[in-house]
Amino acid sequence: MAKTMAINAGSSSLKWTLYEMPEEKALATGIVERIGLKDSVFTIEYGNDEKYEDVLDIDDHEVAVELLLKQLIELNVLESYDEIEGVGHRVVAGGEIFSESALIDDEVIEQIDSLIELAPLHNPANLTGIKAFKNVLPDITSVAVFDTSFHQTMPAVNYLYSLPYEYYEDYDARKYGAHGTSHQFVAERAAEMLDKPLEDLKIITAHLGNGASITAVENGESVDTSMGFTPLAGVTMGTRTGDIDASLIPYLMEKLELTDVQDMIDIFNNESGLKGISGISSDMRDLEEAEANGDERAEIALRIFEDRVRNYIGQYIVKMEGVDAIVFTAGIGENAPTTRANIMKNFKFMGIELDEELNDVRGVERVISTEDSAAEVLLIPTDEEIMIARDVEYFKNQQANN
Ligand code: ADP
């Protein structure tokens, strides 16, 4: 049976899902964490809720891949390595080079390498994953799926910053967006749920996880998105600022006595957002609990998050001159009914209304708006991994036909 791996490699982690294709059946999923550090954690979920876990020292991603495959055989998930016919890798930054997924060869590896400046933390890690699989399974179909590709359809009016134009021409300084695979997945699913062609719909997709972004999808294409040159921009996130005034950078650096601007950016990325405002946690569940116990900073953090998400939804309704569907997805979008209700309450005046009972749900796919709501509001669990596996399948079929 043909099997495909969907891979999301971080600097010290390797997340993966193994599919039987084209059936799209998830056979096993897991993560290797703390690669290159002591006591790496190795987890595999498979079969009927079965779980394998081990703690051992794993020096690098290649060792992680070898161990993973060996263990999958031991657990009888795989009979032999030969069953794996394809692997798809999530790559964060595709710049303007990749408006679609790409079959990985030496040139593509060089191109991903050339985009490292656009995602200095992520692209090198993604490349490490790609190379590890290439070394262990050199002959299988290997595909790169970019977080930014879906947004390459944005018009210049939406992707250009109000900076000297040469900075775009000379240095690629523009909006690229992120979470593209997720936005595309839920937009396609929304059209299926509404039983209408995607090409005829105006959809706003709200991917609200630790990282969060909102996208306007018109005729099946991303026309604007809230993340920017990097995933730091847009709405308030778990630990990221979202949009702020750039003048705060020199001002705060002086107050904090920072000399390296990277230290400031690290604070914007890791110490801000819900965590920074609340002083408690970046996790929605902790903040909901703290708010219930009367914590005022948790309360203001939650109201700010809702406000910024709502602002983008409002902006995009105006930009597209209407909306047919608003989709909530990812950890918060799928699991936080109160947050969804608070975000959406301001749209009642436009006739867009949540059904309180339908909205009182977590993690299931369903319409959550009232029957006569002016636009459908949908809850759709995202599945970036299956999108990656589908792209691998596409290239596998192309190779078979050549
Ligand atoms: P990531 O961007 O890391 O993939 P996720 O999509 O997993 O993030 O989303 C993580 C966020 O989802 C966290 O803020 C978490 O608190 C929130 N979340 C997960 N489950 C729930 C829940 N049951 N209720 C409220 N928030 C939840």
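Ligands are counted one by one from 1 in listed order, and the atoms in each one are counted from 1 as well.
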_Quick one about S247 and D245 (side-chain donor to acceptor, distance below 3.5 Å, no hydrogens or angles considered), yes or no?_
yes
*List every atom of ligand 1 that sits less than 4.0 Å from any heavy atom of R362, numbering the atoms from 1 in the order shown and giving each element.*
22 (C), 23 (N), 24 (N)
_So, using side-chain contact (heavy atoms from CB on, under 4.5 Å) as the criterion, who are the partners of E356 when residues are at least two apart?_
none
_Sub-4.0 Å heavy-atom approach of G211 to ligand 1_ = yes
*Of all the non-hydrogen atoms in the protein, which one sits nearest to atom 11 (C) of ligand 1, and at what distance?*
I332 CG1, 3.7 Å
_Between N311 and Q315, do the side chains contain a donor N or O and an acceptor N or O under 3.5 Å apart?_
no
*Flag the pair R285 and E288 as a salt bridge only when some basic side-chain nitrogen lies within less than 4.0 angstrom of an acidic carboxylate oxygen.*
no
*Taking atom types as modelled, is there a side-chain donor on H151 or S222 under 3.5 Å from an acceptor on the other?*
yes
*What do you reckon, does G209 have a nitrogen or oxygen under 3.5 Å from a nitrogen or oxygen of ligand 1?*
no
_Polar atom proximity, G331 to ligand 1 (N or O, under 3.5 Å)_ = yes
*Would you mind checking which non-hydrogen protein atom is closest to atom 16 (O) of ligand 1, with the distance to 0.1 Å?*
D283 OD1, 2.4 Å
*Cut-off 3.5 Å, side chains only: do T128 and H61 have a donor facing an acceptor?*
no
*What protein heavy atom is closest to atom 21 (C) of ligand 1, reported as residue, atom name and distance in Å?*
N335 CB, 3.4 Å
*From the options M284, R285, H207, select the one whose nearest heavy atom is closest to atom 19 (C) of ligand 1.*
R285
_ring-ring contact (aromatic ring centres under 6.0 Å, His included) contacts in which one or both residues fall within residues 87-118, not counting sequence neighbours_ = H89-F133, F98-F146
*So is there a nitrogen or oxygen of A336 less than 3.5 Å from a nitrogen or oxygen in ligand 1?*
no
*Mind checking whether E288 has an N or O less than 3.5 Å away from an N or O of ligand 1?*
no
*Which is closest to atom 10 (C) of ligand 1 by heavy-atom distance: N210, N8, L274, L287?*
N210
*Quick one: do the E334 and T329 side chains pair a donor with an acceptor below 3.5 Å?*
yes
_Is the contact between E334 and ligand 1 made by the side chain, the backbone, both, or neither, using heavy atoms and a 4.0 Å cut-off?_
neither
